[in-house]
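Quick one: this structure, given as structure tokens, is what I'll be asking you about.
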Amino acid sequence: MSKQVRTRFAPSPTGYLHVGGLRTALFNYLYARHHGGSFVLRIEDTDQTRYVEGATEQLIESLKWAGLSYDEGPDVGGDYGPYVQSQRLGIYREHAEKLLASGDAYYCFCTPEELEAMRERQISRGEQPMYDGTCRSLTTEEVQKKLDEGIPHVIRLKMPREGETVVEDVIRGTVRFQNELVDDQILIKSDGFPTYHLANVVDDHLMEITHVIRGEEWLQSVPKHLQLYKAFGWEPPVMAHIPLLLNPDRSKLSKRQGDVSVEDYREKGYLPQALVNFVALLGWNPGTDEEFFTLEELVQQFSLERVHKAGAVFDINKLNWMNGHYIRQLSEDELVSFLTPFLEKAGADVSDAEKTRKIILAVYKKIERGIDVYDAASIFYKETLEVVEKEAVEILTQETTCTVLRNFLQKLDTVDTLSMDNFKELMKTVQQETGIKGPALWKPMRVALTGMVSGPELPAVIEIFGKEKVSRFIRQMVEEYC
RNA sequence: GCUCCCAUCGUCUAGAGGCCUAGGACUCCGGCCUUUCACGCCGGCAACGGGGGUUCGAGUCCCCCUGGGAGCGCCA
């Protein structure tokens, strides 16, 4: 019987949750849930210079919004805590000392300036920039003397100078690295904090993580990690490096070229189920033509074996389509509660709940994101009418248009109020009396009322407008164009 | 520059040697439905980067080239 599966998502709290991070979290979540294991959230805040107020809370909020629940984490606890690395400093120190004692790590007193100069020299010579090992040869006495003098220092990993490290990656297969080309990675910084590499390995081991699923950008540092596992005498977890999310120009997905934070998408009116579904399909697919999945279905079908190797462009266009699909899937009540805030934020008066509801139901099929709703509904919030579309003007200047509009105006006098039903009746009468039907009948009405050739279903527009507005707009059009 | 990864329509992808006349989805373009507009449905455009092998047979295996990406921090 193999071990209980345990995966983790280990973000650095430097801002918001990146969509690439969301996908990494999702794959970890899906893998753990699929195997009945545990999913852990661990905060990797070992860089004091990058501390961002409230970032952890934001991360947790975004994860919660996406529906990715974790079994252990800073806010829910667990048997392997604490789950925030800045609260585990003693543990890293202790482990670094073990490495020092066993000879797998060494003190380094080189200054940042010296290292910078070294790097420049190497680059100018066309070499791979890496630490030259100066402090490796320091004697115990020399080291002790410098420590006693209080000279700032770091602790470095002593990578073997020969041989190779072989990585068995679930997604990439066998990858080999020449040890001599792997740098003596800093494990403990001069401020006493561990670097990612040390903290990550120590925590994954102590937290009994069985599968490390993370972005491909980490593949290159796996030999360092494997060397650490070896030095500690630990069994490394299964590795799975998933392909990167790309900008349209195929560079690594970044800000500058569009929205990258989950929060951005949430604010623009993307639904969590759409974003999750979309992102799951970037680099993974079930091998069928299915493309819509609930989180539960993803859990059932997910496997690392079906994850791709190549990077995937984050195609906002397809996300929009998928989000539109999920919006159309919403119940009427869900539509109203989801979209009303977007109308309000855009400046619409939503105090009349019944009217707002009608407006939302009239336009929801035409939008792809929450933020689109105001534009789609704008005709309902204007008290004046102005025709600018070329095609709209053409329709208004057709001969039959005036006949239709004048006739409709007459019929309008016969009713007190307008509803979807009696409007259709009126239109039928207009058709019979004028002999004009189809597009020639309806399009002039649409343009005369909305100023545009495309928009919500007309009967719905009429009912929401009410008789006064309908009458006023059509009279105006007759005056201007007939 | 060095190291590593990757390579099917514009994009996401199916394809684990014959089932491929290369399938699906988004976008775009037609059409149908609708007395209007959407939604929906149907159809169309569009790809195996190049060259060598291996094999009776290669999108599928191997090699080279080309192209793209990532990494090379006292950042994660």
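Residue numbers begin at 1 in each chain, while the letters A, B, ... track the order of the sequences. Nothing here was measured: the structure is a model prediction, and the numbers come from that model. Hydrogens, waters and symmetry mates are skipped; everything else that's a heavy atom, side chains included, is used.
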Notebook entry, point to check: Does a side-chain heavy-atom distance below 4.5 Å link Y83(A) with L41(A)?
Noted result: no

Notebook entry, point to check: Among all residues two or more places apart in sequence or in another chain, which pass the salt bridge (Lys or Arg N to Asp or Glu O under 4.0 Å) test with R156(A)?
Noted result: none

Next item on the list: Pick base, sugar-phosphate or nothing for L244(A), based on heavy-atom distances below 4.0 Å to the nucleic acid.
Entry: sugar-phosphate

Checklist line | Any T7(A) side-chain heavy atom under 4.5 Å of V40(A) side chain | finding: no

Notebook entry, point to check: Base, sugar-phosphate, or nothing for R328(A), non-hydrogen atoms under 4.0 angstrom?
Noted result: sugar-phosphate

Checklist line | G-U wobble or Watson-Crick pairing nucleotide for rC61(B) (cut-off 3.5 Å, both distances) | finding: rG53(B)

Margin query: Going 5' to 3' along RNA chain B, which are the first and last nucleotides with any atom under 4.0 Å from a heavy atom of chain A?
Written below: rG1(B) to rA76(B)

Next item on the list: Applying side-chain contact (heavy atoms from CB on, under 4.5 Å), name anything that partners D259(A), two or more places apart in sequence or on another chain.
Entry: D264(A), Y265(A), K268(A)

Checklist line | Separation between the P atoms of rG50(B) and rG31(B), rounded to whole Å | finding: 36 Å

Check: Which pairs, with at least one residue in residues 109-130 of chain A and sequence neighbours excluded, count as a ring pair (Phe, Tyr, Trp, His ring centres under 6.0 Å)?
Finding: F109(A)-H153(A)

Notebook entry, point to check: Using the C1' atom in both, what is the distance from rA7(B) to rG49(B), to the nearest Å?
Noted result: 8 Å

Item checked: Rounded P spacing from rC64(B) to rU3(B) in Å -> 14 Å

Check: Which part of the nucleic acid, if any, lies within reach of R446(A) when heavy atoms closer than 4.0 Å are counted: base, sugar-phosphate only, or nothing?
Finding: base

Next item on the list: Applying salt bridge (Lys or Arg N to Asp or Glu O under 4.0 Å), name anything that partners E149(A), two or more places apart in sequence or on another chain.
Entry: K145(A)

Next item on the list: Applying salt bridge (Lys or Arg N to Asp or Glu O under 4.0 Å), name anything that partners K437(A), two or more places apart in sequence or on another chain.
Entry: none

Notebook entry, point to check: How would you label the contact of G324(A) with the nucleic acid (heavy atoms, under 4.0 Å): base, sugar-phosphate, or nothing?
Noted result: nothing

Next item on the list: Using the C1' atoms only, state how far rU27(B) lies from rC63(B), rounded to an integer number of Å.
Entry: 38 Å

Checklist line | Watson-Crick or G-U counterpart of rC33(B), or none if no pair lies under 3.5 Å | finding: none

Item checked: Distance flag, aromatic centroids of F292(A) and H325(A), threshold under 6.0 Å -> yes

Checklist line | From CA spacing to verdict: side-chain hydrogen bond (donor to acceptor under 3.5 Å, both in side chains), D47(A), T49(A) | finding: CA-CA 5 Å; D47(A) 186 356; T49(A) 65; 2.6 Å; yes

Note to self: Between S454(A) and E368(A), which residue's closest nucleotide on RNA chain B lies nearer the 5′ terminus?
What the structure shows: E368(A)

Margin query: Roughly how many Å apart are rC20(B) and rA14(B), using the C1' atom of each and rounding to a whole number?
Written below: 11 Å

Note to self: Regarding V313(A), tell me which of base, sugar-phosphate or nothing describes its non-hydrogen contacts under 4.0 Å with the strands shown.
What the structure shows: sugar-phosphate

Notebook entry, point to check: Across the strands shown, which category fits S251(A) at heavy-atom distances under 4.0 angstrom: base, sugar-phosphate, nothing?
Noted result: sugar-phosphate

Next item on the list: Only pairs at least two apart or in different chains count here, so list each ring pair (Phe, Tyr, Trp, His ring centres under 6.0 Å) that has a residue in residues 420-461 of chain A.
Entry: F408(A)-F423(A), F423(A)-W442(A)

Next item on the list: Give T49(A) one of three labels, base, sugar-phosphate or nothing, depending on what nucleic acid heavy atoms sit under 4.0 Å from its own.
Entry: nothing

Note to self: Once side-chain hydrogen bond (donor to acceptor under 3.5 Å, both in side chains) is applied, what residue pairs with a partner in residues 306-323 of chain A remain, sequence neighbours excluded?
What the structure shows: Y270(A)-N320(A), N285(A)-R306(A)

Item checked: Partner nucleotide of rA14(B) by Watson-Crick or wobble geometry (both distances under 3.5 Å) -> none

Next item on the list: Could you note down all residue pairs passing ring pair (Phe, Tyr, Trp, His ring centres under 6.0 Å) where residues 446-467 of chain A supplies at least one of them, sequence neighbours left out?
Entry: F380(A)-F465(A), F465(A)-F473(A)

Notebook entry, point to check: rA70(B) pairs with which nucleotide, Watson-Crick or G-U wobble, both distances below 3.5 Å?
Noted result: rU3(B)

Check: How is L458(A) classified with respect to the nucleic acid when contacts are heavy atoms under 4.0 Å: base, sugar-phosphate, or nothing?
Finding: base

Notebook entry, point to check: Do N407(A) and T434(A) pass the side-chain hydrogen bond (donor to acceptor under 3.5 Å, both in side chains) test, and can you show the C-alpha distance, the side-chain angles, and the key distance before you say yes or no?
Noted result: CA-CA 8 Å; N407(A) 193 285; T434(A) 63; 5.8 Å; no

Item checked: Rounded distance in Å between the C1' positions of rG69(B) and rC62(B) -> 24 Å

Notebook entry, point to check: Closer to the 5' end of RNA chain B via nearest nucleotide, is it L253(A) or P248(A)?
Noted result: P248(A)

Item checked: Residues in contact with RNA chain B, drawn from residues 430-440 of chain A - heavy-atom cutoff 4.0 Å -> Q431(A), K437(A), G438(A), P439(A)

Notebook entry, point to check: When you measure from every atom of RNA chain B, which of residues 300-309 of chain A have a heavy atom less than 4.0 Å away?
Noted result: R306(A), H308(A), K309(A)

Notebook entry, point to check: Which residues within residues 177-194 of chain A lie with some heavy atom under 4.0 Å of an atom in RNA chain B?
Noted result: F177(A), L181(A), I186(A), K189(A), S190(A), P194(A)

Check: Between rG59(B) and rU8(B), how far is it from one C1' atom to the other, in whole Å?
Finding: 7 Å

Note to self: Under 4.0 Å, counting only non-hydrogen atoms across every strand here, what does R125(A) touch: a base, just sugar-phosphate, or nothing?
What the structure shows: nothing

Check: Does the ring center of Y374(A) lie less than 6.0 Å from the ring center of Y381(A)?
Finding: yes

Next item on the list: Pick base, sugar-phosphate or nothing for E457(A), based on heavy-atom distances below 4.0 Å to the nucleic acid.
Entry: base

Next item on the list: State, yes or no, whether a side-chain contact exists between Q85(A) and D203(A) at a heavy-atom distance under 4.5 Å.
Entry: yes

Check: For atom C1', what is the distance between rU60(B) and rA47(B), given to the nearest Å?
Finding: 15 Å

Check: Side chains of R172(A) and P243(A): closer than 4.5 Å at any heavy-atom pair?
Finding: yes

